[in-house]
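Following: one structure in structure tokens, then a few remarks.
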Amino acid sequence: MTLDPGAARLDDTVAIVSGGAVGIGRATAVALAAFGADVAVCDRDEANLDACVAEIEARGRRGIPGLLDVRDGDAVRTWVDSVAEACGRIDVVVNNAGGGFAASFLDVNDKGQDALVRENFTSVTNFVRAAVPHMPQTGGAIVNVTSIEAHRAGPGFAIYSAMKAAVENLTKSLALEFGERMIRVNCIAPDVIPTPGIGDVPVRTPLPRPGHVDDVAAAVVFLANPRLSGFVTGETLLVDGGNRAAGGWHRSADGSFTT
């Protein structure tokens, strides 16, 4: 097979991005639009959600906002159904919504644990169940944004890390279940990326620069495109500057590596 240079385009594709008002979600929604997709994006942040839709439309694509809580399965289903009705189908689902808070395991009560489970795991199952019936028989792509914490201990973020690991395992299972329908299911696992909610982070990666939301967005575009990653499913692409490969090694201020 010879790769057509135009294969990176996502023209006539309908994508959904959860948690898309700011940060990685917004960069992903805008990148998908830049490559030709119409993008439905949802969040609880109305002002930034509207700004994201404006960016999508500035790239000549249709933007569809959804003001909702991704933990609410009924709200997700109603909105996804409305997107499918308006656009005719859904080709790509990017499960980006999620979040956590720093606390030792014993300081997380039942309410806090439930919030972390629903935000980081149940939201994914909500969108998959709602969207897959609207995907064409010719296939589609589900991209779940997890974290490098799915692959290592997360002291102070134990439940968050466990849920990200659960999504990684779910991804593999769904890749097998949906394979007959040519629906590919993969993960993106970033390390800490500077966003409005996190701020600047120190550079401690083998690559001597901080990560950027566009680094993650580009990886999502790759996994969303069947002409670029059509034989890739059940896998995780780490966007971490080499930190998983580095193990316990970290770059010091003088450029050397220490443990």
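All values below were derived from every heavy atom in this structure, side-chain atoms included, with hydrogens, water molecules and symmetry-related copies excluded. One is the number of the first residue; the rest follow in order along the sequence.
In the hydrophobic clustering of this structure, V143 does not group with V70; members are Ile, Leu, Val, Met, Phe, Trp, Tyr whose side-chain heavy atoms approach within less than 4.5 Å, directly or through other members. Two different hydrophobic clusters hold L176 and V93 under the rule that ILVMFWY side chains link at heavy-atom gaps under 4.5 Å. Under a hydrophobic-cluster definition in which Ile, Leu, Val, Met, Phe, Trp and Tyr are linked whenever side-chain heavy atoms come within less than 4.5 Å, directly or via other members, V124 and L116 are assigned to the same cluster. Side-chain heavy atoms closer than 4.5 Å link hydrophobic residues (I, L, V, M, F, W, Y) into clusters, and following such links, even through other members, never connects V232 to V185. No single ILVMFWY cluster, assembled from side-chain heavy atoms under 4.5 Å apart, contains both V17 and I183.
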Task: CA sep, side-chain torsions, deciding dist, call: T205, D240, side chain to side chain contact (heavy atoms under 4.5 Å, CB included) - done: CA-CA 8 Å; T205 59; D240 67 346; over 6 Å; no

Open item on the list: The test is side chain to side chain contact (heavy atoms under 4.5 Å, CB included); show your working for Y160 and S147 and say whether it passes.
Closed with: CA-CA 10 Å; Y160 169 85; S147 168; 3.7 Å; yes

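In this structure, M182 stands alone, with no Ile, Leu, Val, Met, Phe, Trp or Tyr side-chain heavy atom under 4.5 Å from its own, directly or through other members. In the hydrophobic clustering, L238 connects to I148, either directly or through intervening members, whenever side-chain heavy atoms lie under 4.5 Å apart.
Closest heavy-atom contact between P206 and N243: CD-OD1, 3.5 Å. Scanning all heavy atoms of the two residues, the minimum distance from T146 to C187 falls at CG2-SG, 3.8 Å. Nearest heavy-atom pair, V39 versus A29, reported as atom, atom and distance to 0.1 Å: CG2-O, 3.6 Å. L32 approaches A224 most closely through the heavy-atom pair CD2-CB, 4.2 Å. Nearest heavy atoms, F105 versus I159: CE1-CD1, 3.6 Å. Listed here is the closest heavy atom pair of L237 and A219: CD2-CB, 3.7 Å.
Looking at V145 and V94, their side chains come closer than 4.5 Å, going by heavy atoms from C-beta outward. Looking only at side-chain heavy atoms (C-beta outward), T171 and N169 stay at 4.5 Å or farther from each other. In this structure, the side chains of I142 and L174 stay at 4.5 Å or more apart for every pair of heavy atoms.
The environment of CZ in F121 is crowded: more than 12 heavy-atom neighbours from other residues, nucleotides or ligands sit within 6.0 Å.
A donor-acceptor pair under 3.5 Å is absent between the side-chain atoms of N144 and the main chain of N95, judged by distance alone. Using modelled atom types, one side-chain atom of R227 and one backbone atom of R9 make a donor-acceptor pair closer than 3.5 Å. Under a 3.5 Å cut-off, the side chain of N186 and the backbone N or O of T236 do not form any donor-acceptor pair. Side-chain atoms of R184 come within 3.5 Å of backbone atoms of S229 as a donor-acceptor pair (strictly under, hydrogens ignored). A distance-only check finds a donor-acceptor pair linking the side chain of N96 to the backbone of S18 [under 3.5 Å].
Under the rule for a side-chain contact (heavy atoms from CB on, under 4.5 Å), A245 has no partner lying at least two apart in sequence or in another chain. Evaluation of the salt bridge (charged side-chain N to carboxylate O under 4.0 Å, His left out) rule for D43 yields no partner, not counting sequence neighbours.
Sorted by first and then second residue, the side-chain hydrogen bond (donor to acceptor under 3.5 Å, both in side chains) pairs with a member in residues 108-127 form an empty list; sequence neighbours excluded. Residue pairs satisfying the side-chain hydrogen bond (donor to acceptor under 3.5 Å, both in side chains) criterion with at least one member in residues 62-87, sequence neighbours excluded, are listed as follows: D69-R71, D74-R77, D81-H134. Residue pairs meeting the salt bridge (charged side-chain N to carboxylate O under 4.0 Å, His left out) criterion with at least one member in residues 16-39, sequence neighbours excluded, are R26-E55, D38-R61. The salt bridge (charged side-chain N to carboxylate O under 4.0 Å, His left out) pairs that include a residue from residues 151-171 are E149-R152, R152-D191, where partners are two or more places apart or lie in different chains. Residue pairs that meet the side-chain hydrogen bond (donor to acceptor under 3.5 Å, both in side chains) test with at least one member in residues 217-226, sequence neighbours left out, do not exist here. Sorted by first and then second residue, the pairs that involve residues 208-218 and meet salt bridge (charged side-chain N to carboxylate O under 4.0 Å, His left out), not counting sequence neighbours, are R209-D215. Residue pairs meeting the salt bridge (charged side-chain N to carboxylate O under 4.0 Å, His left out) criterion with at least one member in residues 120-146: none, sequence neighbours excluded.
Distance OG/S104 to CZ/F157: 11.5 Å, rounded to 0.5 Å. Annotation: the span from H212 atom NE2 to I193 atom CD1 amounts to 9.0 Å, rounded to 0.5 Å.
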When the side chains of residues 44-54 are checked against the rest of the protein, which donor-acceptor pairs come out under 3.5 Å, sequence neighbours left out?
residue	atom	partner	partner atom	Å
D45	OD1	N48	N	3.3
D45	OD2	N48	ND2	2.7

